[in-house]
Amino acid sequence: MASKRSLATKLGVVAGFEEPRVALEQYPTPPDLAAHVVHLADLHGDVDGRTVLDLGAGTGMLALAAALRGPARVFGVELDRAALATATANQRRVAASAPVHWIQADATRLPLDVPDPVTVVMNPPFGAQDGNRNADRGFLATASRVATVSYSVHNAGSREFVEAFAADNGGEVTHAFAVDFAVDAQFDHHAEDSRELDAEVYRIEWT
């Protein structure tokens, strides 16, 4: 297994959003965070030979990280057509050997049956924008229906919500840890060139 650092280096070529949409909270997942999440998933046997599903794939960072670790196949589901075009170009840059299928769709209304066993990796919207509160709930609901295990990134302070949602939907949080989420200025309301957000990653086993 390649190191987490080498995975992050390979992901350094992944381009972000050309015209990010604030309503969709389109913040690119940093390469080191994606490498951290997928490396952990690989250590737990949740990537090799499995179907990996990236919900809200954006420009493909988590999907492509998984594709570099020997899954049977990867699906990246994203609503924004422009983001998917960038994800396709990123796939060529990364040159992963595993097949990656990009699907334009709402991740909370998944339009396909995914071959078992399924590992979900996702960085859903945090619900920080007006009218977008609890946006991550729909993504977790999809994971609960299709996955045997999921890895998801959430805003800091989400533990009570995530654990309660998992318990109510046949899941159990097995791992939870804090991470830094580096965000560069890309919207008009950003006053700083960049900042570190406090975030949390959860591994959930679903039955």
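Numbers for residues simply follow the sequence, beginning at 1.
Taking all atoms of both residues into account, the shortest heavy-atom contact from Ala98 to Ala67 is CB-O, 3.6 Å. Heavy atoms only, all atoms of each residue included: Ala66 and Pro71 are closest at O-CD, 3.0 Å. Nearest heavy-atom pair, Ala65 versus Leu11, reported as atom, atom and distance to 0.1 Å: CB-CD1, 3.6 Å. Listed here is the closest heavy atom pair of Asp48 and Gly70: OD1-O, 3.0 Å. Across all non-hydrogen atoms, the minimal contact from Gly16 to Pro28 is CA-CB, 4.5 Å.
Following chains of ILVMFWY side-chain contacts shorter than 4.5 Å, one cannot reach Leu64 starting from Met122, and the two form parts of different hydrophobic clusters. Put simply, Val173 and Phe165 are part of the same group of oily side chains (I, L, V, M, F, W, Y) that touch within less than 4.5 Å, one to the next. Hydrophobic cluster membership differs between Leu53 and Val201, with clusters built from Ile, Leu, Val, Met, Phe, Trp and Tyr side chains linked at under 4.5 angstrom. Connection of Val153 to Ile204 is not established within any shared hydrophobic cluster, with ILVMFWY side chains joined at heavy-atom distances below 4.5 Å, either directly or through further cluster members. One hydrophobic cluster, built from ILVMFWY side chains closer than 4.5 Å, cannot hold both Val162 and Val149; they sit in different ones.
Atom CG of Leu197 is separated from atom OH of Tyr27 by 7.5 Å, given to the nearest 0.5 angstrom. Of the inter-residue distances, the one linking Leu140 atom CG with Leu55 atom CG reads 9.5 Å to the nearest 0.5 angstrom. Note that the NZ atom of Lys4 and the CG atom of Asp42 stand 13.0 Å from one another [nearest 0.5 Å]. From Ser144, atom OG reaches atom CH2 of Trp206 across 5.0 Å, with rounding to the nearest 0.5 Å. Between the CG atom of Asn169 and the CZ atom of Arg137 there is a distance of 9.0 Å, given to the nearest 0.5 Å. Atom CZ of Arg203 and atom OG1 of Thr174 lie 4.0 Å apart (nearest 0.5 Å).
Annotation: side chain of Tyr202 is not in contact with side chain of Ser150 (no heavy-atom distance under 4.5 Å). Between Thr86 and Phe17, the closest side-chain pair of non-hydrogen atoms is not below 4.5 Å. Taking 4.5 Å as the limit, some side-chain heavy atom of Leu7 sits within range of a side-chain heavy atom of Arg69.
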Report, one line per pair, each donor and acceptor closer than 3.5 Å where one atom sits in a side chain of residues 110-121; sequence neighbours left out.
residue: Thr119; atom: OG1; partner: Asp46; partner atom: O; Å: 2.5
residue: Thr119; atom: OG1; partner: Arg50; partner atom: NE; Å: 2.8
residue: Thr119; atom: OG1; partner: Arg50; partner atom: NH2; Å: 3.4

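Partners of Ala8 by side-chain contact (heavy atoms from CB on, under 4.5 Å), not counting sequence neighbours, listed by chain and number: Ala35. For Ala156, the side-chain contact (heavy atoms from CB on, under 4.5 Å) criterion is met by Asp198, Glu200, not counting sequence neighbours. In this structure Ala63 satisfies the side-chain contact (heavy atoms from CB on, under 4.5 Å) test together with Asp54, Val74, Trp102, sequence neighbours excluded. For Phe161, the ring-ring contact (aromatic ring centres under 6.0 Å, His included) criterion is met by no residue, not counting sequence neighbours.
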Audit row: Glu196, Phe181, side-chain contact (heavy atoms from CB on, under 4.5 Å) steps and yes/no:
CA-CA 5 Å; Glu196 294 278 343; Phe181 195 120; 5.8 Å; no

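Checked against Met61 for a side-chain contact (heavy atoms from CB on, under 4.5 Å), the options Val14, Asn123, Asn90, Leu33 give a single hit: Val14.
Listed for the Thr108 side chain is no donor-acceptor partner under 3.5 Å among the backbone atoms of Phe139. Remark: the backbone N or O of Gly58 is paired with a side-chain donor or acceptor of Glu78 at under 3.5 angstrom.
In the model, Thr9 has no side-chain atom that pairs as donor or acceptor with a side-chain atom of Ser6 under 3.5 Å.
Within the structure, the ring-ring contact (aromatic ring centres under 6.0 Å, His included) test picks out the following pairs touching residues 36-80 (sequence neighbours left out): His36-Phe177, His44-His175, Phe75-His101.
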